[in-house]
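Scope of the values below: all heavy atoms of this structure, side chains included, with no hydrogens, waters or symmetry mates.
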Amino acid sequence: MESGSHSARDVITYHYRFTLANGLERDFELALDNRTLNLIRKEREVYPKWTLLAYHKCPNCMLDQQEHKFCPVATGLMDVVDFFKTSISYEEVDVLIETQERRYLKHTTLQRGLSSLIGIYMVTSGCPTMEKLKPMVRHHLPFATLAETQYRVLSMYVLAQYFLYRRGEKPDWELKKLVKIYEDIGTVNRHFSQRLSGIEAKDASVNALVHLDAFRDSVTLFINVNMLDEIELLFKAYFDQTNETKSRR
């Protein structure tokens, strides 16, 4: 868990405000270290049982229980889960999101609003399985559509392969390892849902995870069945330029 002093320039902030139908409001301020994109948070004296690493531990967890007593995702989400434990996923809510660049406002279901917030916590918490999605958190796009998510994931991954290439390592241009990354993330989503199911709470947080996993599953399917042709059409200008160059030779 990360704590300590950070200057304003060293911190990226995301501010979420939920306004429920009954007028109740709750703010969540997320502060990320600008260099590591780790969630900045303070240690607590007491943590509930459901945050223990051994409690419904993910089978693909890379953390050693001797060194990590608590699940980093669970400790990051404690306040979110606690506040919405009496809420139903399909409740209507107004969500205001403020970043350092712009503001977003959407009237939606609590399930969808929470999935956007929970996604940031999960990726920045310190869970090794989720860390490869950090570049997307740096340029967070709340309420992204399925098509936007697919495009952002593919763009992020291909750029990562270019950086590997620059470092003299072998890039994965066929996207084979991307499928494995998202399969591992799916395992975390499913087992974290089991962790939450052991809490006496209604379904808002659990169904927010289900919503996140549906997007994750769509990305895996998108790659596995080679549905890239539609995106490839967007790059027609590059192909025309290449063909023109060849014709001049």
Side-chain angles (χ1 to χ4, degrees), residues 1-7 10-16 18 26-87 89 111 114-138 140 180-213 216:
M1 301 178 194
E2 186 159 328
S3 59
S5 60
H6 292 75
S7 66
D10 296 329
V11 177
I12 300 168
T13 58
Y14 295 117
H15 178 206
Y16 272 70
F18 290 82
R26 177 60 195 263
D27 292 85
F28 294 92
E29 187 84 26
L30 293 90
L32 309 180
D33 183 285
N34 188 42
R35 183 177 58 84
T36 65
L37 293 182
N38 289 335
L39 183 67
I40 300 169
R41 49 187 168 176
K42 295 181 180 179
E43 295 280 0
R44 299 191 182 193
E45 293 184 3
V46 180
Y47 292 89
K49 177 183 175 181
W50 68 270
T51 64
L52 289 169
L53 185 63
Y55 185 83
H56 287 292
K57 184 180 180 181
C58 300
N60 60 342
C61 181
M62 297 180 237
L63 298 178
D64 186 342
Q65 287 179 214
Q66 300 299 320
E67 299 179 12
H68 301 271
K69 184 177 180 180
F70 299 100
C71 167
V73 174
T75 55
L77 284 171
M78 282 173 50
D79 289 343
V80 176
V81 172
D82 185 61
F83 182 78
F84 292 106
K85 65 184 179 183
T86 61
S87 299
S89 59
Q111 170 182 288
L114 269 180
S115 69
S116 182
L117 175 65
I118 288 174
I120 300 179
Y121 275 111
M122 294 186 76
V123 174
T124 63
S125 66
C127 170
T129 303
M130 305 296 298
E131 291 231 318
K132 289 182 179 175
L133 298 189
K134 276 185 173 179
M136 293 178 66
V137 169
R138 177 58 187 89
H140 180 47
K180 178 64 167 60
I181 288 172
Y182 267 76
E183 287 175 348
D184 287 341
I185 290 171
T187 298
V188 172
N189 289 343
R190 289 189 295 275
H191 284 267
F192 200 81
S193 292
Q194 292 176 14
R195 181 183 290 268
L196 293 181
S197 67
I199 307 171
E200 290 187 10
K202 294 185 178 178
D203 68 357
S205 295
V206 172
N207 281 352
L209 271 171
V210 171
H211 180 79
L212 271 177
D213 199 55
R216 189 276 319 165

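Interatomic distance, CD1 of Ile118 versus OG of Ser125, reported as 12.0 Å (0.5 Å rounding). One distance of note links CD1 of Ile120 with NE2 of His140; it measures 3.5 Å at 0.5 Å rounding. In this structure, the separation between CZ on Phe18 and CG on Leu114 is 4.5 Å, given to the nearest 0.5 Å. Atom CZ in Arg190 sits 12.0 Å away from atom CG in Leu209 (nearest 0.5 Å). Taking OH from Tyr55 and CD from Gln194, the interatomic distance works out to 10.0 Å, rounded to the nearest 0.5 Å.
His56 is not listed as a side-chain neighbour of Trp50, based on a closest heavy-atom distance of 4.5 Å or more. Residues Met122 and Val188 have side chains in contact (heavy-atom distance under 4.5 Å, counting atoms from C-beta outward). Proximity of Glu131 to Asn38: side-chain heavy atoms (C-beta onward) are separated by under 4.5 Å at one or more points.
Using cut-offs of 30° and 60° on the angle between ring planes, the pair Phe70 and Tyr47 is tilted. Taking the six-membered ring where the residue is Trp, Phe83 and Phe28 present perpendicular rings, their angle passing 60° and hence far from 30°.
Between Asp79 and the choices Lys85, Lys42, Arg44, Arg41, the salt bridge (charged side-chain N to carboxylate O under 4.0 Å, His left out) rule is met once, by Arg44.
For residues 62-72, every residue pair satisfying the side-chain hydrogen bond (donor to acceptor under 3.5 Å, both in side chains) rule, not counting sequence neighbours, is listed here: Lys57-Gln65.
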